[in-house]
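Computed from a predicted model, the values in this text were never measured in an experiment. We name chains A, B, ... by the order of the sequence lines, and we start the count at 1 in each one.
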Amino acid sequence: MAASKTIDGTMIFDGSVARRGYALNKLCYSFNDRANREEFLRDEGAYCAKYGLNPQQRAAIEHRNVMELLEAGGNVYYLAKFAGIFGLDVQDIGAQQTGMTKEAFSAKLMEQRT
Amino acid sequence: MAASKTIDGTMIFDGSVARRGYALNKLCYSFNDRANREEFLRDEGAYCAKYGLNPQQRAAIEHRNVMELLEAGGNVYYLAKFAGIFGLDVQDIGAQQTGMTKEAFSAKLMEQRT
Amino acid sequence: MAHIIGGVGTTHVPSIGGAIAKGKQTDEYWRPFFDMFPPVRGWLGRSKPDIAVVIYNDHGLNFFLDKMPTFAVGAAAEYRNADEGWGLPVVRSFAGDPEFSWHLIESLVADEFDIVSCQEMLVDHAFVVPMQLLYPDVDPTGAGAGWPVRVVPISVNTVQHPIPSAARCYKFGKAIGRAIRSYQQDANVLIMGTGGLSHQLEGKRAGFINKDFDRLCLDRLVDDPAALTGYSSEELVELAGSQGVELLNWLVMRGALGEHVSPVSRSYHVPISNTASAVLALAAA
Amino acid sequence: MAHIIGGVGTTHVPSIGGAIAKGKQTDEYWRPFFDMFPPVRGWLGRSKPDIAVVIYNDHGLNFFLDKMPTFAVGAAAEYRNADEGWGLPVVRSFAGDPEFSWHLIESLVADEFDIVSCQEMLVDHAFVVPMQLLYPDVDPTGAGAGWPVRVVPISVNTVQHPIPSAARCYKFGKAIGRAIRSYQQDANVLIMGTGGLSHQLEGKRAGFINKDFDRLCLDRLVDDPAALTGYSSEELVELAGSQGVELLNWLVMRGALGEHVSPVSRSYHVPISNTASAVLALAAA
Ligand SMILES: [Fe+3]
Ligand SMILES: [Fe+3]
């Protein structure tokens with residue numbers, strides 16, 4: 001079904017993506033809990049292994065790369081909890097994905113100011 | 001709404017009952033886990049306090065009395081997990097509620113044998 | 001194209017699992033119950049389902065009252081059974097079919113059924129016992145998925161009122177049927193509805209059984225299931241007992257089969273534990 | 001009898017909570033946003049709601065993909081906010097109204113909406129930020145429920161496709177309206193719909209905003225909400241952005257208000273964080 005939903009620059013988070021990304025999203029969901037965030041920071045590899053991340057997911061986490069994380073089945077709402085560990089917000093994420101600096105990304109939004 | 005649903009000898013487990021019995025049912029639900037069953041058996045009072053049982057619920061647990069547990073908002077599916085701790089099955093529960101011996105309760109069912 | 005071979009309705013009480021674990025199938029008490037199944041198994045052997053869509057109610061293993069779904073649909077690659085607190089052996093896991101599950105979920109949501117999708121889901125005795133009854137040659141406590149079918153568990157709230165009405169359940173079944181028939185891959189699909197028939201575990205009326213109503217239900221499930229949609233939830237509690245409302249799972253199953261069915265096997269036996277037991281196998285027309 | 005005073009639609013992005021926590025309301029960046037709210041608050045001050053029914057989407061605080069509801073309705077006596085992982089201050093809890101909640105649940109299930117009932121429910125920024133915007137005089141991090149309204153959180157799946165269609169959401173809103181109007185106790189009820197408008201957080205199209213579509217949505221929410229029910233979920237993603245589908249929460253809100261409404265206040269401001277922000281207050285006719 002996913003194939004029918006192609007929108008440029010957009011990945012619809014549907015069943016096939018959710019299935020692929022389940023372990024990764026579950027790991028990110030766990031970051032609601034401070035103790036888990038700290039455990040992750042203490043030993044990232046062990047934490048990823050505990051959640052059964054596949055190599056693609058593990059690499060995407062290691063690279064802190066949002067596009068890779070999305071490719072690996074991540075959902076942006078859960079990924080935001082991962083980004084939050086490093087103090088990154090949705091504008092940092094937007095900048096990284098669009099290959100801009102954060103300033104340029106924010107400026108592009110400000111251009112549309114009402 | 002609950003008032004409209006009166007069936008002799010039957011308590012419909014609806015919102016008003018579920019609300020009243022929430023803490024009790026949550027305690028019973030925890031008995032899916034062996035560690036919790038053992039913790040309960042080690043210190044029943046502490047376990048009931050941890051789940052915030054009210055005095056009526058606490059007494060019903062102490063008395064191992066199904067009718068009291070139902071009155072306190074218990075749902076029979078969750079209560080069965082409590083009964084299971086003591087090796088009691090639904091026929092024991094049935095006997096206790098109807099004031100029969102287990103043998104008499106079973107015999108009454110066998111009378112209807114097809 | 002996926003093809004619905006038919007449906008099986010069966011009782012699911014935990015004590016059946018206990019009897020299987022203890023090898024009591026031929027004991028005097030249990031024999032009449034287990035004797036109801038060979039004709040169903042014969043039919044399954046001939047019609048060879050690849051997938052079983054199992055309509056059941058969770059009894060407090062996977063769902064609690066903090067998040068109580070009306071309808072929940074499994075979308076996992078594997079479903080595990082687990083300790084329910086009273087000592088039944090935990091049976092081997094079941095292989096899912098996520099692609100098929102997601103097709104069902106897409107179709108059901110498009111059809112305006114507000115389901116919960118479950119990418120992890122523990123399945124309790126209401127799912128496990130019927131599988132054991134249909135596939136007694138599978139060692140239930142072996143490792144891995146030895147079951148000959150992939151599964152999709154679908155849980156219906158028959159625990160906490162408001163439960164879905166009989167009318168809604170029948171419509172849900174029809175929507176499941178449409179969803180399955182629109183699946184592009186080849187698969188023979190069996191629908192199972194578990195639980196019931198009349199029984200009541202709690203209150204002064206514990207032990208209540210209503211043979212007349214059960215027989216009427218079995219009749220109507222074959223020839224006129226829509227007739228059962230006229231009962232309110234309160235009427236079902238009164239007629240079938242508090243837990244007899246598990247009949248709703250059968251009604252969902254029946255809805256999926258389409259208008260006309262051919263009875264393969266029908267049997268009824270009272271009592272099993274506190275329950276009127278029944279088995280009904282229906283071939284889809 | 002319960003009476004629906006009207007509805008408020010508002011953006012809910014987490015950075016608003018951050019701005020409130022840091023007291024940035026009058027900063028150059030934030031002032032145009034916070035300036036949109038005084039007229040809404042004036043209307044609330046006059047119409048004095050007792051209960052707020054808040055339609056929002058959980059972003060992974062209370063629900064995960066193991067059990068993902070299409071529609072979930074709170075039935076708790078108290079709703080707590082909690083750590084979402086990125087450092088927003090946890091705000092004080094909200095008092096529920098279980099009797100009113102259960103009335104809604106009974107009515108919705110009778111109306112064939114297959115909701116999840118939630119006797120415990122954590123509420124995330126999508127619930128909390130709008131409450132802070134409507135009630136800025138409440139110290140958000142004080143103890144207990146200082147909020148002047150009791151609440152019922154209703155969560156809509158806008159996270160994982162298949163999401164409910166716009167048509168289903170509008171019907172759900174209508175059913176919520178019917179449920180509220182049939183409540184026998186006196187209460188003034190406010191409906192809130194949170195999220196949107198156009199925005200997209202992920203992919204190459206991150207930062208996408210569509211002012212034309214947003215303005216069309218605001219127009220239609222006032223005068224012809226049914227017109228919005230023609231969009232498919234995919235069309236909504238394309239026109240409003242992946243996260244802009246939170247518009248569905250507004251459509252549920254609008255459905256509850258009945259056919260005709262009088263606009264109290266309408267404003268629109270781009271950008272707030274990555275989002276086109278909007279506030280719409282509608283008095284029920
Ligand atoms: Fe059962
Ligand atoms: Fe949001």
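- Expressed to the nearest 0.5 Å, how far OH of C:Tyr29 lies from OG of B:Ser106 amounts to 7.0 Å.
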*Applying side chain to side chain contact (heavy atoms under 4.5 Å, CB included), run through C:Glu202 and B:Leu79 and close with a yes or a no.*
CA-CA 10 Å; C:Glu202 101 291 331; B:Leu79 296 178; over 6 Å; no
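- Here C:Val159 is the residue among C:Ile209, C:Val159, C:Thr275 with the most heavy-atom pairs under 4.5 Å with chain B.
- Of the possible donor and acceptor atoms, none in the side chain of B:Thr98 sits under 3.5 Å from a partner among the backbone N and O of C:Lys204.
- Crowding of C:Arg80 atom CZ: a count of heavy atoms from other residues, nucleotides or ligands under 6.0 Å not exceeding 12.
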_Using salt bridge (charged side-chain N to carboxylate O under 4.0 Å, His left out), reason through B:Arg37 and C:Asp83 one step at a time and then give a plain yes or no._
CA-CA 11 Å; B:Arg37 300 195 292 270; C:Asp83 187 354; 2.8 Å; yes
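- Contact of C:Pro14 with chain B is not made at all, since no heavy-atom distance falls under 4.5 Å.
- If you measure heavy-atom distances from B:Met110 to chain C, the contacts under 4.5 Å come from both the backbone and the side chain.
- The NE2 atom of C:His59 sits 9.0 Å away from atom NZ of B:Lys81, with the distance rounded to the nearest 0.5 Å.
- Residue C:Tyr268 touches chain B through both its backbone and its side chain, counting heavy-atom pairs closer than 4.5 Å.
- The two atoms that bring B:Gly94 and C:Ala206 nearest to each other are CA-CB, 4.0 Å, heavy atoms only.
- There is no contact between B:Ala83 and chain C, counting heavy-atom distances below 4.5 Å.
- Going from atom CG of B:Asp8 over to atom CZ of C:Arg205 covers 8.5 Å, rounded to the nearest 0.5 Å.
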*Tell me, with the steps shown, if B:Tyr78 and C:Leu65 meet side chain to side chain contact (heavy atoms under 4.5 Å, CB included).*
CA-CA 10 Å; B:Tyr78 304 110; C:Leu65 306 176; 3.4 Å; yes
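- Contacts of B:Asn36 with chain C are absent, with no heavy-atom separation under 4.5 Å from either backbone or side chain.
- Taking chain B as the reference chain and counting heavy-atom pairs below 4.5 Å, the highest number among C:Ala276, C:Ser15, C:Gly207 is found for C:Gly207.
- Looking at C:Asp58, neither its backbone nor its side chain comes within 4.5 Å of chain B, counting heavy atoms on both sides.
- Of the inter-residue distances, the one linking C:Phe208 atom CZ with B:Thr10 atom OG1 reads 8.0 Å to the nearest 0.5 angstrom.
- One N or O on the side chain of B:Gln97 and one on the backbone of C:Gly203 form a donor-acceptor pair closer than 3.5 Å.
- Proximity to chain B is limited to the side chain of C:Gln200, based on heavy atoms less than 4.5 angstrom apart.
- B:Asn75 touches chain C through its side chain: at least one heavy atom from C-beta onward sits under 4.5 Å away, while N, CA, C and O do not.
- When every heavy atom of C:Val270 is checked against every heavy atom of B:Gln112, the shortest pair comes out as CG1-O, 3.6 Å.
- For chain C, the nearby part of B:Ile93 is the side chain; its heavy atoms alone come within less than 4.5 Å.
- Within the 4.5 angstrom heavy-atom criterion, only backbone atoms of B:Phe31 (N, CA, C, O) approach chain C.
- Inspection of the C:Asn274 and B:Gln91 side chains reveals an N or O donor paired with an N or O acceptor under 3.5 Å.
- Note: C:Ser233 OG to B:Asp14 CG = 11.5 Å, rounded to the nearest 0.5 Å.
- For C:Ser273, the parts lying near chain B are the backbone and the side chain together; criterion is any non-hydrogen pair under 4.5 Å.
- The side-chain heavy atoms of B:Tyr77 and C:Leu201, taken from C-beta on, include a pair separated by under 4.5 Å.
- Put simply, the side chain of B:Thr114 reaches to within 4.5 Å of the side chain of C:Lys211, judged on heavy atoms.
- At least one side-chain heavy atom of B:Arg113 sits less than 4.5 Å from a side-chain heavy atom of C:Pro32.
- Rounded to the nearest 0.5 Å, atoms CD (C:Glu238) and CD1 (B:Ile12) are 9.0 Å apart.
- The most heavy-atom pairs under 4.5 Å with chain C, out of B:Lys108, B:Lys26, B:Arg34, come from B:Lys26.
- The parts of B:Val90 that come within reach of chain C are both its backbone and its side chain, each placing non-hydrogen atoms under 4.5 angstrom from that chain.
- When ring centroids are compared, C:Phe64 and B:Tyr22 come within the 6.0 Å threshold.
- Of the listed residues (B:Tyr29, B:Phe13, B:Phe105), the greatest number of heavy-atom pairs within a distance under 4.5 Å of chain C belongs to B:Tyr29.
- Dense packing is recorded around CD of B:Glu38, with more than 12 heavy atoms of other residues, nucleotides or ligands lying under 6.0 Å away.
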